[in-house]
Amino acid sequence: MDYLLIVAEHLTASQPPSPRNLKYAVLHLQAAAEVLLKARLQLEHWSLVFKDPALANRRKFEDGDFESCTTSSALTRLRQIANITIDEKSIKAIETLSKSRNALQHYGLKTSARAVESRAAQVLDFLITFVHDQLLPELPGTEVDKVIGDLDYAGEKLRTIRSFMDTRLKRLAGELRDVRHRTLKCRECDQWGIVVGDGNSSVSCHFCHVLWGPAETMLHSWVITEENWLGVEIDVCPDCDHQALVADYVRVAEAPEKRCTLCFFCGIKG
Ligand SMILES: [Zn+2]
Ligand SMILES: [Zn+2]
């Protein structure tokens, strides 16, 4: 819980959070996720926090002398063994955050601050609910009040972060009002912020400012980096003659529920 409180404080220390605040928020959030997920796993059975449960040893467990499982396998075990529902969006946010954490440790904060803030808020939100639903009911009465107080505090900070983000999203919605039919959801920050179809100009996310480069380059890296897009064909657009047309596959802000045809160069929509 202490990690969560530190995260909430770093994320709300200034607006926008400074790179230093974001760095500490990400490091503590990663630690919090690991500790809290494993605490729940341990309630299922102590051997489940071992990297390989088949080699689990009670004495080593009690001494804390063992290699424990990764956050990603803790998530899988919670879903498959403890039968806990964890939505895809939270899993994606936790995984993206682990990547930022590793990059951060080796290269410093290189991704957009807005993208990190947005993902961090998603993970914080998930963890607050997770503690409330999965850990609180198992705690002895004496500890419950303290944890509830901490959860309330973290929740209040999270609402502050959300209200900053909502203000930015509202402004963005106004800015992008006329291009919703060619606005994509950004993978970095998970917001509808990427406008394609502006010819030669470089594509970037209007929310987190991550740069994707010119349309055709952007489309190429978009297709190869997204698992769901493997095998998607890029055709020549009948309108602009650029090889930037994706048929029946793109989801846009205007109607996210259905896939449409879109030229990433000229923006015609079929
Ligand atoms: Zn973005
Ligand atoms: Zn076109």
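Whatever order the structure lists them in is the order used to number ligands and atoms, beginning at 1. The basis for the numbers below is simple: all heavy atoms, side chains too, and nothing from hydrogens, waters or symmetry mates.
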Should Leu11 and Asn21 be marked as a side-chain contact (heavy atoms from CB on, under 4.5 Å) after you check the CA-CA gap, both sets of side-chain angles, and the distance that decides it?
-> CA-CA 7 Å; Leu11 287 177; Asn21 281 138; over 6 Å; no
Steps toward side chain to side chain donor-acceptor pair (under 3.5 Å) verdict (Thr70, Ser73) | CA-CA 5 Å; Thr70 60; Ser73 40; 2.8 Å; yes
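Excluding waters, the set of protein N, O or S atoms lying under 2.8 Å from the Zn ion (ligand 2) comprises Cys237 SG, Cys240 SG, Cys263 SG, Cys266 SG.
Partners of Asp125 by side-chain contact (heavy atoms from CB on, under 4.5 Å), not counting sequence neighbours, listed by chain and number: Thr129, Leu158, Arg162. Listed by chain and residue number, Trp229 satisfy the ring-ring contact (aromatic ring centres under 6.0 Å, His included) test with Tyr249 (two or more places apart in sequence, or in another chain).
Hydrophobic clustering (ILVMFWY, side-chain heavy atoms < 4.5 Å, transitive): Val223 and Ile194 are in one cluster. In terms of hydrophobic clustering, with Ile, Leu, Val, Met, Phe, Trp and Tyr side chains grouped at heavy-atom distances under 4.5 Å, Val147 and Leu29 are assigned to a common cluster.
For the Zn ion (ligand 1), the tally of protein N/O/S atoms lying closer than 2.8 Å stands at 4.
Within 6.0 Å of atom CG in Asp133, more than 12 heavy atoms from other residues, nucleotides or ligands are found, so the atom counts as buried in its surroundings.
Judged purely by atom type and a 3.5 angstrom limit, Ser204 has no side-chain atom pairing as donor or acceptor with the backbone of Leu211.
Annotation: cation-pi geometry not satisfied between Arg251 and Trp192 (NZ/CZ under 6.0 angstrom from ring centroid, within 45° of ring axis).
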